[in-house]
Number of protein chains: 2
Amino acid sequence: MPHPAEPPPRGDARAEQRRRTEARILAAASDQFVEAGYERTTIRAIAQAAGVDAGLVMHYFGSKLALFEQVTKGGQLPPAPTGPPGQVAEQILAQLAGSLTTEPVRSLAMLRSMLTHPETTQAFREGTQRFRAQLAAAIPAPDADTRAALISALIMGVVMDRHLLKSGGLDTADPDQIIALLRPVLRTLTTADPPPDPA
Amino acid sequence: MPHPAEPPPRGDARAEQRRRTEARILAAASDQFVEAGYERTTIRAIAQAAGVDAGLVMHYFGSKLALFEQVTKGGQLPPAPTGPPGQVAEQILAQLAGSLTTEPVRSLAMLRSMLTHPETTQAFREGTQRFRAQLAAAIPAPDADTRAALISALIMGVVMDRHLLKSGGLDTADPDQIIALLRPVLRTLTTADPPPDPA
DNA sequence: GTCTATAAACCGATAGAC
DNA sequence: GTCTATCGGTTTATAGAC
């Protein structure tokens, strides 16, 4: 990834240095926010972890909230589960399988502060609403809304337990086993009829 | 103290007055902790909501942490899902039905601060582990541990979305509808293997 | 570009008056 | 039993030196 938008003119050591320290601060901030949440994370701790001064962090990002929003920017729920009704379950399972192995840092930062930081609560709420709406549209059932809400809550609980709570249940389990156990569950929730009647 | 939990003998207006204000403070603290979590809740705000001074709150409960522990004391997950393997699903559904309607204040206070307050994280972790162990013992399957962990995560996600996140999905849904939709899900997770899907 | 010094606000907790 | 006054610590954020 050479230069995405603004290619630094050749030999501009200043801008390059700034870009590096800024990235280092951002990485340190991500770790802290994911680990301790918004309130308990301090600018001082971020600066220390990044090897710089606290004033510099403020000078780059303006405020603690702005830095947090930079970290969580784009950390929404996965795009969309649109598709043919029969394949919705498999699409969700594929997305979840990815979430179980590779940790989406932005999403984890949002998840951690979801319950205690008002702005994050609202952001997550809106993301969940969009996710549910699209998912419900792909479920052919009169109570599709509630089904989509349950699937959303299930995914949230699973990801949260595995990556944040680490209670010893899902964080040590095999992802393939989790997916295999959730397959019939998601089939049940995404299809209308409980009795197996393939006609 | 001769009578710790006993009602004041008779005519002891002082003790009665104290008991009342103490209960008022405790109620205000519960509200604040459930609503805003441990970090954002302040002793001053609790005192103001209770109509007393901040110093009095400290004088009664000693510290903010002690007050929080008083609020969350006994706010664990429901006791135990022991029983015959065929009835485990129904027992869980019955417990969950109760959690959906009547709000367990102590549990909600724990849930709110579960991700951001270290002591609460640990307490919830231990409670979850006990719950999972007992549940897994009642599931006749080689991967009972993972099944129990998924059920635990599902319950957590559902209760959290309904009472805390209030994203508009499960908080507005009918409890009976939620239970009905989760019945086949829990049957699937608590029984080893229904006959493979009809092809 | 980076750091030092400091301002301004808020917190939990303590001591003591009434 | 309840409240006033205050201490000591931590926080974000700002202003300016190097």
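Order of the sequence lines sets the chain letters (A, B, ...), proteins ahead of strands, with each chain counted from 1. As a basis for the values below, the full set of heavy atoms in this structure was taken, side chains included, without hydrogen atoms, waters or symmetry mates.
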Chemist: Nearest whole angstrom, please: distance from the C1' of C:dT2 to the CG of A:L56.
Modeler: 6 Å
Chemist: Counting side-chain heavy atoms from CB outward, which of D:dA13, C:dG1, D:dG1 is closest to A:M58?
Modeler: D:dA13
Chemist: Is the phosphate of C:dG12 approached by B:S63 (side-chain N or O, under 4.0 Å from OP1 or OP2)?
Modeler: no
Chemist: Inspect the contact between B:R130 and B:E126 and indicate whether a charged nitrogen and a carboxylate oxygen are less than 4.0 angstrom apart.
Modeler: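 No salt bridge links B:E126 with B:R130.
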Chemist: Separation of A:D53 atom CG from C:dA5 atom C1', in whole Å?
Modeler: 10 Å
Chemist: May I have the distance from A:H59 (atom NE2) to C:dG1 (atom P), rounded to whole angstrom?
Modeler: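 Computing the A:H59:NE2 to C:dG1:P distance gives 9 Å.
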Chemist: Identify whether the distance between the nearest side-chain nitrogen and carboxylate oxygen of B:E90 and B:R183 falls below 4.0 Å.
Modeler: yes
Chemist: Under 3.5 Å, is there a donor on one side chain and an acceptor on the other for A:S99 and A:R162?
Modeler: no
Chemist: Does a side-chain N-to-carboxylate-O contact under 4.0 Å join A:E22 and A:R19?
Modeler: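 No salt bridge links A:E22 with A:R19.
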Chemist: Nearest-Å distance, CD (B:Q48) to C1' (D:dC3)?
Modeler: 15 Å
Chemist: Without decimals, in angstroms, what is the distance between B:F61 CZ and C:dT14 P?
Modeler: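 Atom-to-atom, B:F61 to C:dT14, this comes out as 16 Å.
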Chemist: Write down the distance between CD1 (B:I43) and C1' (D:dC7), rounded to a whole number of angstrom.
Modeler: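 Interatomic distance, CD1 of B:I43 to C1' of D:dC7: 17 Å.
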Chemist: When you check the gap from the basic side-chain N to the acidic O, do B:E69 and B:K73 get nearer than 4.0 Å?
Modeler: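 Not counted as a salt bridge, because no side-chain N and carboxylate O are separated by less than 4.0 Å.
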Chemist: Rounded to whole angstrom units, what separation is found between the CD atom of B:E39 and the C1' atom of C:dG12?
Modeler: 13 Å
Chemist: Which of these nucleotides, D:dT2, C:dA13, D:dA13, is closest to any side-chain atom of B:Y60?
Modeler: D:dT2
Chemist: Take atom CD of A:Q17 and atom C1' of C:dG1, then tell me their distance rounded to the nearest Å.
Modeler: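 Computing the A:Q17:CD to C:dG1:C1' distance gives 8 Å.
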Chemist: Among D:dT11, C:dC11, C:dG1, which nucleotide sits nearest the side chain of A:T42?
Modeler: D:dT11
Chemist: Can you see if the side chain of A:T21 gets near the phosphate of C:dG1 - specifically, an N or O under 4.0 Å from OP1 or OP2?
Modeler: no
Chemist: Please compare B:E22 and B:R44 by the position of their nearest nucleotide in DNA chain D and report the one closer to 5'.
Modeler: B:E22
